[in-house]
Number of protein chains: 2
Amino acid sequence: MSTQTESMNVAEVKEEHKELRDHSTCMGMIQPVQDALYVLNGKWKLPIIISLSFGNKRFSEMAREIPKITDRMLSKELRELEMNQLVKRTVYDTVPVVVEYSLTDYGSSLDPAISELRKWGIQHRERITRK
Amino acid sequence: MSTQTESMNVAEVKEEHKELRDHSTCMGMIQPVQDALYVLNGKWKLPIIISLSFGNKRFSEMAREIPKITDRMLSKELRELEMNQLVKRTVYDTVPVVVEYSLTDYGSSLDPAISELRKWGIQHRERITRK
DNA sequence: CAGCATCCATGTAGATACTG
DNA sequence: CAGTATCTACATGGATGCTG
């Protein structure tokens with residue numbers, strides 16, 4: 001009977017804490033995505049990374065290649081991406097000076113995520129233009 | 001000889017337009033991601049979607065489950081997600097009224113993208129806490 | 001070429017209070 | 001419970017012009 005009672009108590013405790021567990025589980029699933037979003041925030045970080053995934057680029061190449069971006073935003077976002085070590089900036093000591101941007105290996109590690117996002121975006125565009 | 005000349009011309013033309021093609025290719029890869037980002041913009045849309053991927057929720061459940069979100073932001077973002085048909089809002093005519101939010105199938109279709117983002121986020125957190 | 005400075009508009013967020 | 005209203009503050013983004 002003590003066994004019986006104990007069993008029930010465990011079940012009860014589990015039941016009592018079910019919501020809390022789900023809660024924690026859910027938060028645990030959200031947190032890493034928030035972490036990613038924190039680094040990739042804003043409209044331009046992913047476009048910049050995609051642009052560089054096609055090869056090293058110079059500032060003005062990127063400015064031409066990324067639709068609608070301004071110099072100001074490109075400059076600002078490149079700096080943040082560099083600080084987070086997703087992008088590398090190399091200055092060649094020529095006249096005039098040449099600056100080349102490239103993806104680090106770490107930056108390239110975003111490829112699978114970007115690829116999935118792109119797949120979804122393609123479906124999404126199809127869906128909204130269909131309507 | 002005419003054949004030879006033609007071949008060279010084609011090659012030359014292709015070479016001439018190589019940069020333009022790369023440019024268009026790159027923009028074509030960026031656009032769908034921008035489309036996705038447009039719907040998912042802001043800090044809270046993905047966390048909300050993740051929260052609902054664990055089951056239907058009521059407003060205050062979500063407010064408790066998503067770290068740091070305010071009622072105001074939750075309300076605002078839910079409305080936008082509903083407009084984009086990623087989230088469904090069901091009102092039960094009880095007293096007091098019960099409102100249940102759920103993911104649409106379309107909302108669920110973001111799962112693979114979110115999953116990849118989460119993987120990256122986990123690696124990222126490990127990386128930055130290691131340093 | 002590779003940006004930076006400036007000004008301005010909009011967006012995002014928090015605090016607090018309030019409603020049906 | 002499920003939000004809305006208001007106010008405040010800072011962040012983000014855009015336009016334009018300018019520099020070494």
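This one's a predicted model, so the numbers in the text were calculated from it and none came from an experiment. Chain identifiers are assigned alphabetically (A, B, ...) following the order of the sequence lines, protein sequences preceding nucleic acid strands; residue numbering begins at 1 within each chain.
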(request) Look at the side chain of A:Arg89 and decide which nucleotide, out of C:dA2, C:dC4, C:dG3, has an atom nearest to it. (result) C:dG3
(request) Flag the pair A:Glu82 / A:Leu78 as yes when at least one side-chain heavy-atom distance between them is below 4.5 Å, and no otherwise. (result) no
(request) Rounded to the nearest angstrom, tell me the gap between atom NZ in A:Lys76 and atom P in C:dC4. (result) 12 Å
(request) Give me the residues of residues 54-66 of chain B where at least one heavy atom lies under 4.0 Å from an atom of DNA chain D, by number, or none. (result) B:Arg58, B:Phe59, B:Ser60
(message) Apply salt bridge (charged side-chain N to carboxylate O under 4.0 Å, His left out) to residues A:Arg64 and A:Glu61 and explain how you reach the verdict.
(response) CA-CA 5 Å; A:Arg64 263 176 278 122; A:Glu61 280 184 278; 5.8 Å; no
(request) Return the nearest nucleotide to the side chain of B:Val99; candidates are D:dG3, C:dG14, D:dA15. (result) D:dG3
(message) Is there a continuous path of hydrophobic side-chain contacts, each under 4.5 Å between heavy atoms, that joins A:Met62 to A:Val91?
(response) yes
(message) On the side chain of B:Arg72, is there an atom forming a donor-acceptor pair with the base of C:dA13 - under 3.5 Å, no angle test?
(response) yes
(request) May I ask you to evaluate whether B:Tyr101 reaches the phosphate of D:dG3, defined as a side-chain N or O under 4.0 Å from OP1 or OP2? (result) yes
(message) Could you tell me how far apart B:Ile48 (CD1) and D:dA2 (C1') are, to the nearest whole angstrom?
(response) 15 Å
(request) Determine whether B:Leu74 and B:Val97 fall in the same hydrophobic cluster, where Ile, Leu, Val, Met, Phe, Trp and Tyr are linked whenever their side-chain heavy atoms lie under 4.5 Å apart. (result) yes
(message) Between P on C:dA15 and CD1 on B:Ile69, what's the gap in Å once rounded to a whole number?
(response) 14 Å
(request) Enumerate the residue pairs fulfilling side-chain hydrogen bond (donor to acceptor under 3.5 Å, both in side chains) with a member in residues 36-48 of chain B, sequence neighbours excluded, ordered by first and then second residue. (result) B:Asn41-B:Lys45, B:Lys45-B:Glu80
(request) Could you grab the distance from atom CD of B:Glu100 to atom CG of B:Leu52, nearest 0.5 Å is fine? (result) 9.5 Å
(request) Give the ring-plane orientation class for B:Tyr106 versus A:His124, where under 30° counts as parallel, over 60° as perpendicular and anything between as tilted. (result) parallel
(message) I need the OH-C1' distance between A:Tyr92 and C:dA2, as an integer number of Å.
(response) 15 Å
(message) Rounding to an integer number of Å, can you tell me how far A:Glu77 CD sits from D:dG13 C1'?
(response) 9 Å
(request) Could you tell me the separation between the CD atom of A:Glu80 and the C1' atom of D:dG13, rounded to a whole number of Å? (result) 12 Å
(message) Minimum heavy-atom separation for B:Trp120 and A:Ser109, please, with both atom names.
(response) NE1-OG, 2.9 Å
(request) Please determine, for the side chain of A:Met73, which listed nucleotide (D:dA2, D:dT4, D:dG13) has the closest atom? (result) D:dG13
(message) Using heavy-atom distances to pick each residue's nearest nucleotide on DNA chain D, tell me which of A:Lys68 and A:Asp71 is more 5'.
(response) A:Lys68
(request) Check for a donor-acceptor pair, side chain of B:Arg125 on one end and backbone N or O of A:Pro32 on the other, with a separation under 3.5 Å. (result) no
(message) I need the residues from residues 27-46 of chain A with at least one non-hydrogen atom less than 4.0 Å from DNA chain D; give them sorted by number, or say none.
(response) A:Gly42, A:Lys43, A:Trp44
